[in-house]
Amino acid sequence: MADRMPALIAGAIAAQQRAYAPYSKFRVGAIICAGDAEFVGVNVENASYGLCICAERNAVGAAVIAGHREIDCCVVATDASPPSSPCGMCRQVLLEFARDPKTFIVTAVNSAGERRDWRLIDLIPDGFSGRELPTT
Ligand code: THU
């Protein structure tokens with residue numbers, strides 16, 4: 001994984017250019033890893049602000065559309081300093097598909113070279129896994 005990180009970070013930063021963020025001006029690029037496969041997402045905003053979709057969730061959607069339901073890491077690029085972490089909704093969506101939240105790494109970067117890393121389990125401890133739901 002460590003050897004892939006420079007390319008993943010560069011990819012997330014490059015993806016920021018494709019963000020559709022005319023309202024917030026906050027461009028976000030994300031890459032989801034599913035094994036060796038990688039999926040890009042950007043934030044896509046809407047004039048009806050509540051319909052804005054985050055980069056991380058669009059990247060998860062791309063992975064699922066391609067048939068990947070077990071994901072291993074997320075790299076998210078913004079212009080924030082320090083680099084900003086995924087919002088609560090995105091943390092929950094990452095949890096839904098994380099192969100293992102204890103080893104799933106979320107990395108936040110910016111183009112100034114700053115970087116922060118977390119385990120998903122630490123970003124959403126005691127999260128709602130779905131195992132709480134009735135089986136019948
Ligand atoms: N945004 C993301 O894409 N990811 C996050 O984790 C936080 C926020 C987007 C949503 C909206 O388009 C803009 O950033 C400002 O909130």
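Position 1 is the first residue of the sequence; numbering continues from there. Ligands are counted one by one from 1 in listed order, and the atoms in each one are counted from 1 as well.
Given atom 10 (C) of ligand 1, the protein heavy atom at minimum distance is Cys54 SG, 3.9 Å. Closest to atom 11 (C) of ligand 1, if we only count protein heavy atoms, is Glu45 OE2, 3.3 Å. Nearest protein heavy-atom neighbour of atom 9 (C) of ligand 1: Asn43 ND2, 3.6 Å. Protein heavy atom closest to atom 14 (O) of ligand 1, with residue, atom name and distance, is Phe26 CD2, 3.3 Å. Regarding atom 4 (N) of ligand 1, its nearest protein heavy-atom neighbour is Glu56 OE1, 2.8 Å.
Grouping the Ile, Leu, Val, Met, Phe, Trp and Tyr side chains by contacts below 4.5 angstrom, directly or via other members, places Leu123 with Leu94.
Remark: ligand 1 atoms within the under-4.0 Å shell around heavy atoms of Pro86 are 6 (O). Ligand-side atoms of ligand 1 in range of Ser24: 13 (C), 15 (C), range being under 4.0 angstrom from any heavy atom.
A donor-acceptor contact closer than 3.5 angstrom links the side chains of Arg91 and Ser85.
The shortest distance between side-chain heavy atoms of Phe104 and Arg99 does not fall below 4.5 Å. Using a 4.5 Å cut-off on side-chain heavy atoms (C-beta onward), Tyr20 and Val42 make no contact.
There is no protein heavy atom less than 4.0 angstrom from atom 16 (O) of ligand 1.
Side chain of Glu45 to backbone of Tyr23: a donor-acceptor contact under 3.5 angstrom is found. Although no hydrogens or angles enter the test, the distance criterion places a donor-acceptor pair under 3.5 Å between the side chain of Gln16 and the main chain of Arg27.
Below 3.5 Å of separation, one finds an N or O of Cys87 facing an N or O of ligand 1.
With salt bridges taken as basic N to acidic carboxylate O contacts below 4.0 Å, one links Glu38 and Arg4.
The option from Ser85, Ala59, Gly29, Ala55 that lies nearest to atom 3 (O) of ligand 1, judged by heavy atoms, is Ala55.
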